[in-house]
Protein chains: 2
Amino acid sequence: MKHIHTIGEAAAASGVSAKMIRHYEKIGLIAAAERTDSGYRLYTPADIHTLRFIRRARNLGFSVDDISELLDLWRNDSRTSKDVRRVADGHLGALRAKAAEIHSMIDALEQLFDGCTNDERPDCPILDDLADAAKPARPKQVGHKFGFERVC
Amino acid sequence: MKHIHTIGEAAAASGVSAKMIRHYEKIGLIAAAERTDSGYRLYTPADIHTLRFIRRARNLGFSVDDISELLDLWRNDSRTSKDVRRVADGHLGALRAKAAEIHSMIDALEQLFDGCTNDERPDCPILDDLADAAKPARPKQVGHKFGFERVC
DNA sequence: GATAGGGCTTCCCATCATTGGAAGGTCAAG
DNA sequence: CTTGACCTTCCAATGATGGGAAGCCCTATC
């Protein structure tokens, strides 16, 4: 039984597509794989373990930069749980911020939906809101301004 | 007076950056602006109204494609509220799906946080989970302390 | 041995909305 | 005439991923 796999096998075993494995190599998230004489990339079970780590972290929404840090910590015996926590905490904060942003959009849309008749008539609070709701700000006069009397 | 504005004024008045106004013109979301003899773009109050419409729709998270459709409906007297509703409904569904995705990430992370000592020790359930999810974090408490409600 | 097929390689392009910058023209005022 | 704010176009990058083309490699089958 060989423990060496092609990129396709590594992809199937890890859940990371072959395309992305090559991409992660190119951007330096993973080390460049060994190659056969003909140039095929080769992956060990340890490599595949790393790829699964990456896959799971992506599933949790971590950015590639975060994952790079997490991989370093994972391989670093002198890490502290605090270090890991810091990375994860930052991500969690970003997720919560994103969730809040989406929820404010959802809430705003749902409010508009309340007044929408959803029938053949043209009146719709959704369009009305998009067209009028914001108070029009005056054009700011900065720097020079010049007269366009003659145009159009 | 001058109902005609430069791109910078239109940007300040609409909340859409000059860069994006040019971009929207290039991709066809808005019509090509009139120009002065020297090539400067010129914007009418109606143009600025349209830009504000776009800005508000972007604030609600609509894609440029959606906004294109909404603009068409806005300008189309024979639209029905159903038509508008269909576009908005599709977007609302996408927002809810995105929210659900983010919340599942948040929930998963929070569970991992529960077991993290957050100190100088190297052991951390977050890394453990990423490295090998088959070894689940200790089944202490399934509930999470931050009460984020799921919207879908 | 030749051929077909599937897998591998690299390289380029597209997404999506937005920002940044460079190089250069235009305007008003000092 | 110079300054400086504004405008123009063009090109590039973001982040993670997918698509596809052109071409090489490996293996099985005839």
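Order of the sequence lines sets the chain letters (A, B, ...), proteins ahead of strands, with each chain counted from 1.
- For the pair B:Asp83/B:Val87, no side-chain contact is recorded, criterion being any heavy-atom separation below 4.5 Å from C-beta on.
- With hydrogens and angles disregarded, a donor-acceptor distance shorter than 3.5 Å links the side chain of B:Glu9 to the backbone of B:Thr6.
- In this structure, the CD1 atom of A:Ile67 is 13 Å from the C1' atom of D:dT17, given to the nearest Å.
- If one axis is set at each end of the helix from C:dG1-D:dC30 to C:dG30-D:dC1 from five pairs, those axes are 40° apart, to 10°.
- Residue A:Asp37 contributes atom CG, which lies 15 Å from atom C1' of C:dT9 at whole-angstrom precision.
- In this structure, B:Arg41 reaches the sugar-phosphate backbone alone: every heavy-atom distance under 4.0 Å involves primed, P, OP1 or OP2 atoms, never a base.
- Regarding B:Ile4, its CD1 atom lies at a distance of 15 Å from the P atom of D:dC7, rounded to whole Å.
- Checked by atom type and distance alone, the side chain of B:His49 pairs as donor or acceptor with a backbone atom of A:Ala131 at under 3.5 Å.
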Practice task
Show your working on salt bridge (charged side-chain N to carboxylate O under 4.0 Å, His left out) between A:Glu101 and A:Lys98 and close with a plain yes or no.
Solution key: CA-CA 5 Å; A:Glu101 188 190 339; A:Lys98 190 72 187 164; 3.7 Å; yes
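- Going from atom NE2 of A:His91 over to atom C1' of D:dA16 covers 14 Å, rounded to whole Å.
- One atom, NE2 of B:His5, and another, C1' of C:dC27, lie 18 Å apart when rounded to the nearest Å.
- Between the OH atom of B:Tyr24 and the CG atom of B:Leu71 there is a distance of 10.5 Å, given to the nearest 0.5 Å.
- Side-chain contact between B:Leu60 and A:Leu112 is present, with heavy atoms from C-beta onward closer than 4.5 Å.
- Look at CD1 on A:Ile21: it is 15 Å from P on C:dG7, rounded to the nearest Å.
- Between A:Arg22 and C:dG7 there is no side-chain polar atom (N or O) within less than 4.0 angstrom of OP1 or OP2.
- Residues A:Val84 and A:Trp74 have side chains not in contact (no heavy-atom distance under 4.5 Å, counting atoms from C-beta outward).
- Rounded to the nearest 0.5 angstrom, B:Leu73 CG and B:Arg86 CZ are separated by 7.0 Å.
- When rounded to the nearest whole Å, the span between CD1 of B:Ile7 and P of D:dA5 equals 19 Å.
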Handout entry: Under 4.0 Å protein heavy-atom contact, by nucleotide of nucleotides 13-23 of chain C - B base, S sugar-phosphate only
Key = ----SBBBB--
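- Below the 3.5 angstrom threshold, one finds a donor paired with an acceptor across the side chain of B:Tyr40 and the base of C:dT26.
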Can you give each donor-acceptor pair under 3.5 Å made by side-chain atoms of residues 26-36 of chain A, sequence neighbours left out, with the distance rounded to 0.1 Å?
from: A:Arg35; atom 1: NH1; to: A:Gly39; atom 2: O; distance (Å): 2.8
from: A:Thr36; atom 1: OG1; to: A:Ser38; atom 2: N; distance (Å): 3.2
from: A:Thr36; atom 1: OG1; to: A:Ser38; atom 2: OG; distance (Å): 3.0
from: A:Thr36; atom 1: OG1; to: A:Gly39; atom 2: N; distance (Å): 3.3
from: A:Thr36; atom 1: OG1; to: A:Tyr40; atom 2: N; distance (Å): 3.0

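- Counting to the nearest Å, the C1' atom of D:dA5 and the CD atom of B:Glu9 are 12 Å from each other.
- For B:Arg35 and D:dT9, the shortest distance from a side-chain N or O to OP1 or OP2 is below 4.0 Å.
- Within the 4.0 Å cut-off from OP1 or OP2 of C:dG25, not a single side-chain nitrogen or oxygen of B:Ser38 is found.
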